[in-house]
Amino acid sequence: MEYKNPIGVDIDLETGVIPGAKKLVRKLSDLRGYFLDGEAYNELLKDDPVVYEVYAVEQEEKDGDLNFATTVLYPGKVGKEFFFTKGHFHAKADRAEIYYGLKGKGGMLLQTSEGKVEWIPMKTGTVVYVPPYWAHRTVNTGNEPFIFLAVYPADAGHDYGSIKDKGFAKLVIEEDGEVRVIDNPRWSE
Ligand code: S6P
Ligand code: ZN
């Protein structure tokens, strides 16, 4: 038996950084076609802000092992729509996941391939269980970075395709100073 070494790391709860983790940066230009308001998108693209960063500690894609990652999702909007992560199904669609809110506020949109959608608000201390077969996207509805930890099977993988093409059935927007979860006018089954 080949034993791997256990890991203990301290997440910086102010910045979300996991020491030694692999860092991934997603800028607005990486999210072309994701937001409803194309004009607002093009305007903001002049600055091409960072929308989110991921710090991931990942293992080989083997059954039974676990990965963990923090995401730092910056505050901002494209038109009325709050900044969000791309969102994905797992490539192995039956793989579940746990999220844990560390800082800031926001929420998670979850959706099945049949278009059933759920919105779960999140703040520091919120645990979200993402069941098998649910796509998931996080949204920052606050005005500071929304930081959370995700723990997921090492062989889960990411399938971005259908969300990239179709989006979610709901949008999370700000209207009259309120956070609203509305039907996506561009959604079709
Ligand atoms: C991985 C997990 C998260 C996301 C991260 C970025 O299964 O759900 O670590 O990868 O929040 O989101 P996305 O949709 O761009 O991968
Ligand atoms: Zn995931």
Side-chain angles (χ1 to χ4, degrees), residues 7-19 21-26 31 34-35 50-58 66-78 80-90 93-113 115-154 156-160 163 167-184:
I7 300 172
V9 280
D10 296 319
I11 296 169
D12 183 324
L13 295 174
E14 287 305 309
T15 63
V17 172
I18 305 177
K22 193 179 74 187
K23 181 180 179 182
L24 176 94
V25 179
R26 292 272 184 239
L31 292 163
Y34 277 82
F35 292 93
V50 172
V51 179
Y52 57 102
E53 292 155 345
V54 180
Y55 296 89
V57 177
E58 295 187 328
L66 292 173
N67 292 338
F68 61 96
T70 51
T71 301
V72 181
L73 177 54
Y74 289 97
K77 279 181 292 176
V78 176
K80 294 178 173 179
E81 210 176 352
F82 289 107
F83 277 10
F84 53 61
T85 57
K86 286 183 170 184
H88 58 271
F89 287 94
H90 289 148
D94 66 348
R95 297 311 196 244
E97 182 161 3
I98 292 288
Y99 276 60
Y100 183 58
L102 301 177
K103 195 174 200 283
K105 68 170 190 149
M108 188 189 288
L109 279 172
L110 297 101
Q111 180 166 293
T112 67
S113 53
K116 180 175 155 66
V117 64
E118 296 270 344
W119 166 248
I120 300 187
M122 291 177 69
K123 57 185 167 72
T124 306
T126 305
V127 176
V128 180
Y129 164 61
V130 181
Y133 303 108
W134 285 81
H136 39 288
R137 159 183 289 168
T138 43
V139 183
N140 185 342
T141 58
N143 40 36
E144 61 170 330
F146 172 38
I147 304 176
F148 52 85
L149 174 73
V151 182
Y152 48 102
H158 295 92
D159 171 8
Y160 292 101
I163 297 296
F168 279 75
K170 302 271 184 192
L171 304 180
V172 186
I173 64 163
E174 186 171 61
E175 214 165 43
D176 308 323
E178 304 271 341
V179 176
R180 295 201 212 284
V181 181
I182 62 160
D183 289 338
N184 179 358

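Note that the OG1 atom of Thr70 and the CG atom of Leu102 stand 7.5 Å from one another [nearest 0.5 Å]. Going from atom CZ of Phe168 over to atom CD1 of Ile163 covers 4.0 Å, rounded to the nearest 0.5 Å. The distance from the CZ atom of Phe148 to the CD1 atom of Ile11 is 12.0 Å, given to the nearest 0.5 Å. Between atom CZ of residue Phe68 and atom CD of residue Glu97 there is a gap of 13.5 Å, rounded to the nearest 0.5 Å. The line from OH of Tyr55 to CG of Asp12 is 9.5 Å long, rounded to the nearest 0.5 Å.
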Listing, residues 120-133 side-chain donor-acceptor contacts under 3.5 Å, not counting sequence neighbours, or none:
residue: Thr126; atom: OG1; partner: Lys123; partner atom: N; Å: 2.9
residue: Thr126; atom: OG1; partner: Lys123; partner atom: O; Å: 3.1

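Among pairs with a residue in residues 143-153, those fulfilling salt bridge (charged side-chain N to carboxylate O under 4.0 Å, His left out) read Lys103-Glu144, at least two apart in sequence or across chains.
You'll find the side chain of Trp119 reaches within 4.5 Å of the side chain of Val139, heavy atoms only. Within the 4.5 Å cutoff, no side-chain heavy atoms of Thr138 are placed close to those of Asn140. A heavy-atom distance below 4.5 Å is found between the side chains of Leu109 and Lys170. In this structure, Val9 and Val57 have side chains that are not in contact, with every pair of non-hydrogen atoms separated by 4.5 Å or more.
Tyr52 places no side-chain N or O within donor-acceptor distance of the main-chain N or O of Phe146, the cut-off being under 3.5 Å. For the pair His136 (side chain) and Trp134 (backbone), a donor-acceptor distance under 3.5 Å is present. Here the side chain of Gln111 pairs a donor or acceptor atom with the backbone of Ala169 at under 3.5 angstrom.
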side-chain contact (heavy atoms from CB on, under 4.5 Å) for Ile147 and Thr71? Distances and angles first, verdict last. CA-CA 6 Å; Ile147 304 176; Thr71 301; over 6 Å; no
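Among residues two or more places apart in sequence or in another chain, the salt bridge (charged side-chain N to carboxylate O under 4.0 Å, His left out) test is passed with Lys77 by Glu174. For Asp94, there are no salt bridge (charged side-chain N to carboxylate O under 4.0 Å, His left out) partners two or more places apart in sequence or in a different chain. Evaluation of the salt bridge (charged side-chain N to carboxylate O under 4.0 Å, His left out) rule for Glu53 yields Lys23 as partners, not counting sequence neighbours. Under the salt bridge (charged side-chain N to carboxylate O under 4.0 Å, His left out) criterion, Arg137 pairs with no residue at all, not counting sequence neighbours.
Looking at every heavy atom in both residues, Phe35 comes nearest to Phe82 through CE2-O, 3.7 Å. Across every non-hydrogen atom of Tyr152 and Ala56, the tightest pair is OH-CB, 4.2 Å. The minimum heavy-atom distance linking Tyr160 with Gly87 is given by the pair CD2-O, 3.3 Å. Looking at every heavy atom in both residues, Pro153 comes nearest to Arg95 through CG-CB, 3.9 Å. The nearest pair of heavy atoms linking Val50 to Phe83 is O-CE2, 4.4 Å.
Glu118 and Lys116 are joined by a salt bridge, as a carboxylate oxygen and a charged side-chain nitrogen come within less than 4.0 angstrom of each other.
Taking the six-membered ring where the residue is Trp, His88 and His158 present perpendicular rings, their angle passing 60° and hence far from 30°.
Applying the 6.0 Å contact sphere to OH of Tyr74 captures more than 12 heavy atoms from other residues, nucleotides or ligands.
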